[in-house]
Amino acid sequence: MGKPDTLGRERMTSRFRELTDASVDAAAIRVVRGPGRVNLIGEHTDYNDGYVLPAAIDLEIVIALVPTDDGRATITLDETGETASVDVREVGPRRGDWTDYVAGTARELTSAGLGVRGFRGVLASSLPEGSGLSSSAALELASAWAMSPVGGPAVPPLEMARIAQRAENEYVGVRCGLMDQFASACGVAGGAVMLDCRTLEYRTVVLPDELVICVIHSGVPRTLVASAYNERRADCERAVAAVRRQRPEVRALRDVDLGMLAQATDLDDIARMRAIHIIEENERVLATLDALAAGDMPAIGELFGASHASLRDLFEVSCPELDLLVELSAATPGVVAARMTGAGFGGCIVVLTLPDAVDDLRARVERDYPARTGRTPRLWRVRAAAGAGELTD
Ligand code: GLA
């Protein structure tokens, strides 16, 4: 457990020179970053045209690079020294590894009419892979910046998020919504960002000064996430289809309320449970905005608690380890709110807490969680960070 690693410009330029080419002048090396994200509330709502409230965080992927004229992204991993190279102009078939996110982003940037350029780079990450903190979106955004001229892709950040989402949907083959790429592209230092996934309007939501964000990793590897995720999407689509038989104007669960759902015949219990979660989770996002604005800590705690219970019981994407972490956190004096975050099936919880309670939270989790699960938790105190961009210091 510890503070986020810092992948500053100085360290990255010296790693670039050590691992690739010591003759390159440090001033000629660009350093770009793509942040991970933590979702505060609004889970599985993005692909139902609903609301989400994520924050980009200061756990991130950083690439130090110089542009090349060979049309290839050649990347050395800081951690292992492994080097991989992909053709960014003529993107080949998927390889089934991390380079797919780079190749898919190159392909979608090109189809969007944006030029891509090859580069030679060194990649470092403070984002634990497979933790549910969106290392894939971070990699898509960091590589989009690396393949673009200084200043980044020539589109607004929200459009860049949609390009990266297409890379993941169409090239990598995961049917994710827009939230992760949105947070990584449009994040704001010091605030969460609320996105209406239907209108694509978004705005910064500043958290009360006295709240800090912690992320706790359960240590449960996220397995079968893609297939379970796609099943949940299919459940939601079934619910929409059933409601549409009576209400043809309905396009997504965003348009459905509990009364309409009650009238829908021909709806299996599973799809009904999933739909209730989505309808109520959207309401919880809006209520959370009010509670944050009013600094109403008990209300924030209740909303997070209800969101977690609904993800556990109705959407069925939690697991005993995440439930235990939420229980231990909520029982710590000074902790305001806790819930699982991200797709689920392992990964992390998010905790909003008063700063003085962080040490107690850490102590309690380190003491009780391994004893009851045999797993090692990891806790990070994170800050809301800006979206992807050039790293200048
Ligand atoms: C994953 C997906 C997101 C979103 C969340 C659940 O992170 O990539 O689009 O659906 O799960 O809220």
Side-chain angles (χ1 to χ4, degrees), residues 34-57 59 100-101 104-105 127-141 158 161-187 192-198 200 202 215 217-218 220 222-237 252-254 274-275 277-282 284-285 288 304 307-308 310-312 314-319 322 339-350:
R37 67 96 187 92
V38 63
N39 189 20
L40 300 187
I41 194 161
E43 217 66 83
H44 289 274
T45 43
D46 60 352
Y47 53 85
N48 289 295
D49 273 6
Y51 306 110
V52 291
L53 185 61
I57 55 176
L59 296 172
D100 288 347
Y101 299 98
T105 302
L127 257 179
E129 210 180 300
S131 58
L133 299 174
S134 294
S135 52
S136 49
L139 177 53
E140 288 150 12
L141 268 296
L158 182 70
R162 298 179 76 190
I163 291 169
Q165 183 199 14
R166 285 204 290 277
E168 193 138 344
N169 290 169
E170 277 153 43
Y171 187 77
V172 182
V174 178
R175 294 184 66 205
C176 64
L178 183 58
M179 173 170 74
D180 303 346
Q181 291 77 15
F182 159 73
S184 190
C186 304
V193 267
M194 137 89 173
L195 174 69
D196 178 333
C197 299
R198 166 161 285 168
L200 300 184
Y202 66 98
V215 173
H217 190 1
S218 61
V220 177
R222 299 187 328 133
T223 45
L224 299 175
V225 182
S227 58
Y229 185 88
N230 289 345
E231 274 171 32
R232 295 301 180 284
R233 284 196 70 143
D235 296 341
C236 293
E237 284 161 11
L253 285 177
R254 165 69 173 272
R274 309 297 191 236
H277 165 75
I278 299 300
I279 293 166
E280 294 181 342
E281 184 78 351
N282 278 326
R284 281 188 286 267
V285 177
T288 300
F304 273 46
S307 170
H308 184 80
S310 176
L311 289 157
R312 181 189 63 210
L314 297 177
F315 219 68
E316 298 182 296
V317 291
S318 187
C319 62
L322 292 174
R339 55 178 287 279
M340 57 153 278
T341 185
F345 315 103
C348 291
I349 71 161
V350 57

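Computed from a predicted structure; not experimentally measured. Below, each value reflects all heavy atoms present in this structure, side chains not excepted, and no hydrogens, waters or symmetry copies. First listed ligand is number 1; within each ligand, the first listed atom is number 1.
- Atoms of ligand 1 lying under 4.0 Å from any heavy atom of Tyr47, numbered from 1 in the order shown and given with element: 10 (O).
- Contact check on Glu316 versus Arg232 returns no salt bridge, with no Lys/Arg side-chain nitrogen under 4.0 Å from an Asp/Glu carboxylate oxygen.
- The backbone N or O of Cys176 sits less than 3.5 Å from a side-chain atom of Asn169, completing a donor-acceptor pair.
- A distance-only check finds a donor-acceptor pair linking the side chain of Asn282 to the backbone of Tyr51 [under 3.5 Å].
- Classification of Asp235 and Arg274 as a salt-bridged pair holds, one side-chain N sitting under 4.0 Å from a carboxylate O.
- For ligand 1, the atoms lying closer than 4.0 Å to a non-hydrogen atom of Gly177 are 9 (O).
- Close contacts between ligand 1 and Glu43 involve ligand atoms 6 (C), 12 (O) [criterion: under 4.0 Å to a heavy atom].
- In this structure, Ser134 OG and Ile57 CD1 are separated by 8.5 Å, a value rounded to the nearest 0.5 Å.
- Remark: ligand 1 atoms within the under-4.0 Å shell around heavy atoms of Arg37 are 7 (O).
- Annotation for Arg254: atom CZ counts as buried by contact number, over 12 foreign heavy atoms lying within 6.0 Å.
- Looking only at protein heavy atoms, the nearest one to atom 5 (C) of ligand 1 is Met179 CE, 3.7 Å.
- For atom 8 (O) of ligand 1, the nearest non-hydrogen atom of the protein is Asp180 OD2, 2.6 Å.
- Near Asp46, with a cut-off below 4.0 Å to any heavy atom, the atoms of ligand 1 are 3 (C), 4 (C), 9 (O), 10 (O).
- Set against the non-hydrogen atoms of Tyr229, the atoms of ligand 1 under 4.0 Å away are 1 (C), 2 (C), 3 (C), 4 (C), 9 (O), 10 (O), 11 (O).
- Set against the non-hydrogen atoms of Cys176, the atoms of ligand 1 under 4.0 Å away are 2 (C), 8 (O), 9 (O).
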What's the verdict on side-chain hydrogen bond (donor to acceptor under 3.5 Å, both in side chains) for Ser307 and Arg339, showing C-alpha distance, side-chain angles and the deciding distance?
CA-CA 7 Å; Ser307 170; Arg339 55 178 287 279; 3.0 Å; yes

